[in-house]
Number of protein chains: 2
Amino acid sequence: MTTQISIGEVARDRMPKFGRGVPCQRDQHMLFGRVELNGAAMPFGRNTEVYGEDEPADYVYKVLSGAVRTYKVLSDGRRQILGFYLPGDVFGSDPGDEHACSAETIVDSQILLVRRATVLKAAERDGEVARHLWGLTATELRRSHRHALLLIKSAQERLAAFLLDMAERLSVKTAIELPMSRQDIADHLGLTIETVSRTLTQLSSSSVIQLLASRRIMLRNRSILSEMNS
Amino acid sequence: MTTQISIGEVARDRMPKFGRGVPCQRDQHMLFGRVELNGAAMPFGRNTEVYGEDEPADYVYKVLSGAVRTYKVLSDGRRQILGFYLPGDVFGSDPGDEHACSAETIVDSQILLVRRATVLKAAERDGEVARHLWGLTATELRRSHRHALLLIKSAQERLAAFLLDMAERLSVKTAIELPMSRQDIADHLGLTIETVSRTLTQLSSSSVIQLLASRRIMLRNRSILSEMNS
DNA sequence: CGTCTTCTTGAGCCACTTCAAGGTAAGTGG
DNA sequence: CCACTTACCTTGAAGTGGCTCAAGAAGACG
């Protein structure tokens with residue numbers, strides 16, 4: 001069963017934000033698995049909000065290209081980046097009528113939007129969809145647990161874990177091409193931008209990594225990195 | 001629809017661990033909601049493993065009385081307590097054939113065990129059960145996100161958040177009766193036992209709390225605690 | 001070429017850790 | 001009931017890893 005959906009008003013409202021004249025196009029991309037839940041692909045400029053915390057959750061999102069960060073901010077401005085989402089990753093899929101955190105693009109991105117109501121209705125009919133949704137949340141939970149473990153480690157260990165994770169998820173051939181800034185990394189790892197920079201320099205000095213450019217990093221000794229990662 | 005289940009061999013194996021001669025009894029407690037998924041109540045002694053990381057996940061658990069901690073340990077022994085579970089809380093409910101973390105009782109506890117296969121079968125038939133299971137994982141995820149936010153705060157802020165959370169969950173009348181040790185609190189908040197102790201002493205000195213006994217704490221000024229909690 | 005953003009590096013500081021000692025409470029055996 | 005043990009908690013003193021503040025370097029872009 002194929003469900004054709006329109007992206008609706010809320011999504012259309014975002015269009016001006018990144019000044020593209022191109023209308024949103026229906027797309028053959030599927031949300032997940034073998035179940036056909038088509039959505040609309042939308043271009044988002046860099047550093048553009050996809051949704052805010054406590055906003056009504058009308059869509060489920062999938063990164064087609066680019067990168068997204070989800071985060072929460074404390075009253076005094078400290079920010080915790082809960083996760084990074086790369087091409088293929090689904091985000092904003094939790095049940096609940098409101099989003100539990102905010103989401104922004106990091107770089108220019110293509111995001112697939114699928115109406116939540118459509119997804120939920122499909123889950124109602126099809127147990128496999130329901131299980132898949134549950135699985136998505138469970139994957140998020142396991143990631144969040146690993147993240148909590150990370151936050152009790154030293155700066156070096158945090159960076160090691162981060163780099164290995166990114167290398168794996170970007171299925172890197174030669175060097176990692178990080179989409180995010182040092183500030184993003186810092187806010188994800190619970191460090192300051194200075195400590196991130198210094199630690200990368202240290203890892204570079206000890207030839208564990210090589211800094212080709214500030215955001216292009218080559219892992220030269222993964223076993224040492226893995227060792228650091230507990 | 002009521003599903004009567006037996007607790008099976010794996011559960012029975014645990015009996016000797018806490019040396020009770022009483023056989024496990026079928027119980028009228030329900031796992032959750034209006035759906036009747038009965039299980040077997042089992043007594044566990046304090047500091048007893050309920051399940052270990054990577055063990056096959058055969059059951060879903062609910063705390064009837066007592067308290068449980070879930071945790072992960074790093075190779076060097078550092079431990080991160082991911083969550084505390086109090087009476088009424090369900091744990092070990094994630095999909096996946098293996099548990100993502102370990103679980104132990106903190107004090108003598110009554111735990112309700114429900115066969116996972118039974119729960120999953122019920123979810124297959126009944127969309128509401130499926131949604132409820134998804135909801136449980138989602139609640140865990142939101143809690144984990146809050147926990148990550150907590151781990152970037154100062155020691156005072158972490159303790160404030162912890163105390164408020166406990167007070168709320170224990171639906172406290174006068175003073176909190178903490179089931180867990182300072183070490184448990186430290187491992188949950190990403191601090192050392194000494195820092196936890198010192199910080200509580202500080203909060204006590206400034207009359208924000210009152211230490212009636214080491215594990216009996218009265219919150220004297222919740223608004224200040226809330227302020228600390230961002 | 002200048003401007004803006006992002007990243008790096010240095011120096012000093014501070015919150016939390018580490019190491020060490022002592023105190024308190026509960027249980028156990030005499 | 002008391003001496004002894006054990007587990008748990010508190011407190012002190014010194015050390016340190018990461019933070020803060022500050023300045024400069026390296027890119028990106030018009």
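We name chains A, B, ... by the order of the sequence lines, and we start the count at 1 in each one. Source: prediction; values computed, not measured.
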Atom pair distance, as rounded to whole Å: [atom1] in [X] and [atom2] in [N]:
{"X": "Leu159(B)", "N": "dT10(D)", "atom1": "CG", "atom2": "C1'", "result": "14 Å"}
{"X": "Leu189(A)", "N": "dC19(D)", "atom1": "CG", "atom2": "C1'", "result": "15 Å"}
{"X": "Met228(A)", "N": "dG17(D)", "atom1": "CE", "atom2": "P", "result": "14 Å"}
{"X": "Ile106(B)", "N": "dC8(D)", "atom1": "CD1", "atom2": "P", "result": "13 Å"}

Keeping the roles fixed (side chain from Ser226(A), backbone from Arg222(A)), state whether a donor-acceptor pair exists under 3.5 Å.
->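 Yes.
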Are the charged groups of [X] and [Y] less than 4.0 angstrom apart, N to O?
{"X": "Lys72(A)", "Y": "Glu53(A)", "value": "yes"}
{"X": "Asp184(B)", "Y": "Arg69(B)", "value": "yes"}
{"X": "Asp187(B)", "Y": "Arg79(B)", "value": "yes"}

Can you find a heavy atom in the side chain of Leu82(A) that is under 4.5 Å from one in the side chain of Tyr71(A)?
->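 No. Closest side-chain heavy atoms not under 4.5 Å.
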Please list residues of residues 65-84 of chain A whose heavy atoms come under 4.0 Å from any atom in DNA chain C, ordered by number; otherwise none.
->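 Listed by number, there are none.
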Contact pattern, 5' to 3', of nucleotides 25-30 of chain D - B, S or - by protein heavy atom under 4.0 Å = ------
Sugar-phosphate means primed atoms, P, OP1 and OP2; the rest is base. With that split, encode nucleotides 5-23 of chain C 5' to 3' as B, S or - using protein heavy atoms under 4.0 Å.
-> -SSBBBB----SBBB----
Using 30° and 60° as the class limits, which term best fits the ring planes of His99(B) and Tyr61(B): parallel, tilted or perpendicular?
->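 Tilted, since the angle between the ring planes falls between 30° and 60°.
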Distance (rounded to the nearest 0.5 Å) between Ile209(B) CD1 and Arg220(B) CZ =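 Nearest 0.5 Å value for the CD1-CZ distance: 10.5 Å.
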Rounded to the nearest 0.5 Å, what's the gap from CG on Leu211(B) to CG on Leu200(B)? Could you check?
->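 Reported to 0.5 Å precision, the distance equals 6.0 Å.
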Tell me yes or no: between the side chains of Gln202(A) and Ser205(A), is some donor less than 3.5 Å from an acceptor?
->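 Absent: no donor and acceptor within the cut-off.
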Check step by step if side-chain contact (heavy atoms from CB on, under 4.5 Å) holds for Val60(B) and Phe32(B).
-> CA-CA 11 Å; Val60(B) 176; Phe32(B) 48 65; over 6 Å; no
